[in-house]
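Here's the structure, in structure tokens; my notes come after.
Atoms within each ligand, like the ligands themselves, are counted from 1 in listed order.
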Amino acid sequence: MSLSNPWFIAALVGVIGVFHLEFFATLLNLSRLGRAIPDSLVGVFSEETREKLVDYIRDSKRVSFTRDVTLLGVLVVFWWSGGFGWLQAWAEGQGRGPVVTGVFVIALVVLAQTWISLPFDAWDTFGVEARYGFNKTTPATFISDHFKSLALMAVIGLPVAGVIVWFFQTQAWPALYAWLFIAIFTLLMTWLAPRVIMPLFLKFQPMEAGELREAIFGLARKLDFPVNEVSVVDGSRRSTKGNAFFAGFGKTRRIALYDTLLKSHTTDEIVAILAHEIGHNKCRHVPVMLALSLAEMGLMLGLMGWALKSPQFFAAFGVHGTPVGMGLVLFGMIYKPLGVLTGLLGLAMSRKHEFEADAFAARAVGSHRPLTEGLKRLSRDHLAHPQPHPLTVWMHYSHPPLVERLRALESLPASS
Ligand SMILES: [Zn+2]
């Protein structure tokens, strides 16, 4: 661990530099909360709502900032006091092979991170979200969700980590094999998530017959988008925030709507929101995003393969030799700045897709109005920042700010 080691400098920039960049972006974003509501949003946020959202956003940021400072503090103290070297030596001392030792190290680090964050998650859920009337989660659900997530990580994450460590331990082209493996695994998860994983957390029930169900099937027929099933999901058991999503692809497509969305929106708005979701599908946004994330994964694995061969890389963290599992954990710190850059690209693409899906929805229902109204209501109900700073939008927003979406929708030529 010395300043003459370029890997050490890279890790410093990764960990401390990116933290400061995030902090700076947050400050800029918060400073914009005091601004007057822009003309196009007058009537969306009342003065009372505006005051409430300013408090809500500040309170949420306080939690995430305290969590990030704590995680950073623990990491830096652990790193600079030789914790990684000690952890590796102790894990190797258990006398298992390099693959088991590697997976063990990864599991311990992930577990430590999760448990340091847990009190902050609880503070956010039962402190902030509850104070603003969003939270519906009980402590029992919160705890059972946590253990279900840990169990899932153990059942799915540990074998995946094991295979990747094994590739890097034994193969001549480990980055390539790991990349192919992750590509196949991602496709498998897209299929598995709605069938096996989401039902562990949410209850899916078929939507009752009625006007809304008819309207949804009518829209699907009109857009030539075959739907097998429309379900309602009990999101209200955890939060009042609404959502809609699609699950599955090919012949078994099913639409799932949060019950919270059904409660707060009109049928026209829900149909327009669904038309937006169908738009993502029709415009082939999913494969484009998948290709983009796999390209990024390829870049990351390639660089990782290079780092894992360098004893200097491990020395930057006070670790002897070139243990693969520990390398996977440590590489994340080196990769952070590049991750921010590739993230900018992915998010810009995603925001472009949102505009396209909005335009698709307006054409599909013959007017931009229902979507406009639906988006306004969603923003108000979620207490979203009315005019986020561009730096925060670039770094974190997968959806364009409301003002921009409304402007784009209203300028559509065919809209009435
Ligand atoms: Zn969208």
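In this structure, a donor-acceptor pair under 3.5 Å is present between the side chains of E129 and Y56. With hydrogens and angles left out, the side-chain atoms of W115 and H146 include a donor and acceptor closer than 3.5 Å.
In this structure, W79 has its ring center under 6.0 Å from that of F317.
Around the Zn ion (ligand 1), the protein N, O or S atoms closer than 2.8 Å are H276 NE2, H280 NE2, E354 OE1, E354 OE2, listed by chain and residue number.
Considering F120, F134, F142 as possible partners of T125, the one that fulfils the side-chain contact (heavy atoms from CB on, under 4.5 Å) test is F142.
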Solution key, residues 5-25 side-chain donor-acceptor pairs under 3.5 Å, sequence neighbours excluded:
| residue | atom | partner | partner atom | Å |
| --- | --- | --- | --- | --- |
| N5 | OD1 | W7 | N | 3.0 |
| N5 | ND2 | Q312 | O | 2.8 |
| W7 | NE1 | S310 | OG | 3.2 |
| H20 | ND1 | I16 | O | 2.8 |
| E22 | OE1 | H396 | NE2 | 2.7 |

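Figure legend: cation-pi geometry between K148 and F201, with NZ or CZ positioned under 6.0 Å from the six-membered ring centre and within 45° of its axis.
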